[in-house]
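The block underneath contains the structure these notes are about, expressed in structure tokens.
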Amino acid sequence: MPSERLVLRPPKRGHKILIAADGLRIPDDPIVPLIEGDGIGPEVVQVALQAIDAAVETAFHGRRTIAWYPVPAGEKAMFQYGELLPEATLAAIREYVVALKGPMTTPVGGGFRSLNVALRKALDLYANVRPVYWIPGMPSPVTHPERVDVVIFREGTEDVYAGIEWEKGSAEAMRMIEILEKEFQTRVRADSGIGVKPISETGSKRLVRKAIRYAIENRRKSVTLVHKGNIMKYTEGAFRAWGYEVAQQEFGDRTISWDDALRKYDGKPPADRVVIKDVIADNMFQQLLLRPEEYEVLATTNLNGDYLSDAAAAQIGGLGVAAGGNIGDAHAVFEPVHGSAPKYAGLNKVNPAAEMLAGVMMLEYLGWKEAATRLRDAVRKVVAAKIVTYDLARQMPGAKEVGTSAFAEAVVDAIHGAGA
Ligand code: NAP
């Protein structure tokens, strides 16, 4: 039972981000809900805020600030209010549009498959966006990590993640098997578990639309549709077909298919066109390892994207520096990719870079590019100077190992143009 009644009060200063027909209206002092998370969450979030605030301050000299609005979720919310993801928290993010979060512990058992999945579903954050680029000095298992610079758009609401599945032997599974056999003349072993993979035109098109828009706005040369359509024709294959359709019907004057680029321009398309191409998922894994420089934006279904984004992150140094955004039509929640690593909680030991880079993504989403660049450059500078936390130090000969707060101090110094 909740031990306290939950009433959330927004900060006294600051203004709401507004959703207009043509995009977001960002005030100079947006109120941004903040979930500090569990385990190592509070410590990485706390130092990330110092770095984000310093970047905003030096970029805009006080003209812009963020009014952080702490909202509860996760273990602390469960303990205090009897709910892991209180409705008041969801309502705050709905109202204030853009949020930053730390990692949350997913309780084993219980009603939630994952708090993050629940958050994505409640706010319809259908695009999981993961930029993957190398920071000079980062230890990497590949010879040329500097060639990797892709942004992965992974669909986040459909596919085998829709949660439509039944256990072997359950009444539902048996019934499905019966229908498949009797009505569709297909044979499925009686001792099968059954899962459903829905991929819709709506879900696919809105994801690819977002990826193409991103490519146009950020002057990226190509969007690659990654799919397994050779095997799953009406789900993965349809995703590919719908992707080309969006490109042609909605961005016809700004995009060109690779086939047309070859046919009409001998493989050298005009510079103002984003090339739309497609690659089968298994091939994409080797392409990213062998010729990463040929890929800039990837748009893909949920399961492909899950595998691909972790594999790509490993190429540039792993989870310690990977950040992502869960983005809907307007709402967005930014977070590090790593989890709450409970065994390190409170030790001032872990790497806060991923949380800081989630902040970079958030600043970019607000359109505050000057601050985003300052923060990203400062993290780069500190890592290049080999001032790093234990996770990187153990792979970097000659590194100076520091704790979470000292790493953050070095980043803040670098933002101010000193140190590192
Ligand atoms: P994890 O928390 O990511 O930790 C796994 C390992 O990754 C750690 O033991 C540590 O490796 C390394 N690591 C993670 N974050 C690090 C950081 N900031 N700096 C340095 N090293 C870091 O994964 P997990 O142990 O599988 O999951 C723990 C909990 O987090 C679970 O409840 C899980 O469901 C949840 N989770 C949440 C999110 C999210 O909120 N988005 C994402 C993933 C998992 P070493 O021990 O080798 O140093």
Side-chain angles (χ1 to χ4, degrees), residues 33-49 51 71-79 84-85 89 93 99-123 125 128-130 135 138-139 141 154 156 161 302 305-307 309-310 313-314 316-327 332-359 361-362 379 382-383 387-396 399 401-408 411:
L34 176 73
I35 295 174
E36 65 171 16
D38 303 314
I40 57 170
E43 54 205 284
V44 293
V45 164
Q46 194 209 344
V47 299
L49 295 195
V71 293
E75 288 176 330
K76 218 187 285 171
M78 187 69 198
F79 181 71
L84 281 164
L85 189 55
T89 293
I93 301 176
L100 181 72
K101 72 178 274 292
M104 294 194 291
T105 300
T106 297
V108 179
F112 276 103
R113 192 172 289 246
S114 145
L115 271 177
N116 293 303
V117 173
L119 192 62
R120 279 175 211 162
K121 271 196 175 162
L123 299 166
L125 307 173
N128 183 250
V129 181
R130 177 109 53 105
I135 294 178
M138 281 289 295
R154 165 190 168 196
Y161 288 71
N302 208 336
D306 195 0
Y307 296 155
S309 43
D310 273 22
I316 52 95
L319 292 186
V321 291
N326 298 298
I327 306 179
V333 178
F334 298 92
E335 63 179 352
V337 168
H338 63 71
S340 58
K343 68 178 175 184
Y344 293 121
L347 300 183
N348 187 31
K349 186 171 167 73
V350 294
N351 191 350
E355 188 72 54
M356 291 179 181
L357 296 174
M361 289 184 75
M362 190 197 78
V379 172
V382 174
V383 172
I387 300 170
V388 289
T389 46
Y390 83 98
D391 52 315
L392 300 183
R394 66 189 169 186
Q395 307 171 63
M396 255 187 195
E401 183 180 328
V402 294
T404 311
S405 53
F407 178 85
V411 170

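Whatever order the structure lists them in is the order used to number ligands and atoms, beginning at 1.
- Between Ile35 and the options Val333, Ile93, Leu100, a side chain to side chain contact (heavy atoms under 4.5 Å, CB included) holds for only Ile93.
- Residues Glu355 and Pro103 meet the side-chain proximity criterion, which asks for heavy atoms closer than 4.5 Å.
- Of the listed residues (Val383, Ile316, Leu392), just one forms a side chain to side chain contact (heavy atoms under 4.5 Å, CB included) with Ile135, and that residue is Val383.
- In this structure the side chain of Leu34 reaches within 4.5 angstrom of the side chain of Leu49, judged on heavy atoms.
- Within 4.0 Å of ligand 1, counting heavy atoms only, the contacting residues are Ile40, Lys101, Pro103, Met104, Thr105, Thr106, Asn116, Glu335, Val337, His338, Gly339, Ser340, Ala341, Pro342, Lys343, Tyr344, Val350, Asn351, Tyr390, Asp391, Arg394.
- Counting only N and O atoms by type, the side chains of Asn326 and Glu335 include a donor and acceptor under 3.5 Å apart.
- Residues Asp306 and Tyr161 bring a donor and an acceptor atom of their side chains to less than 3.5 Å of each other.
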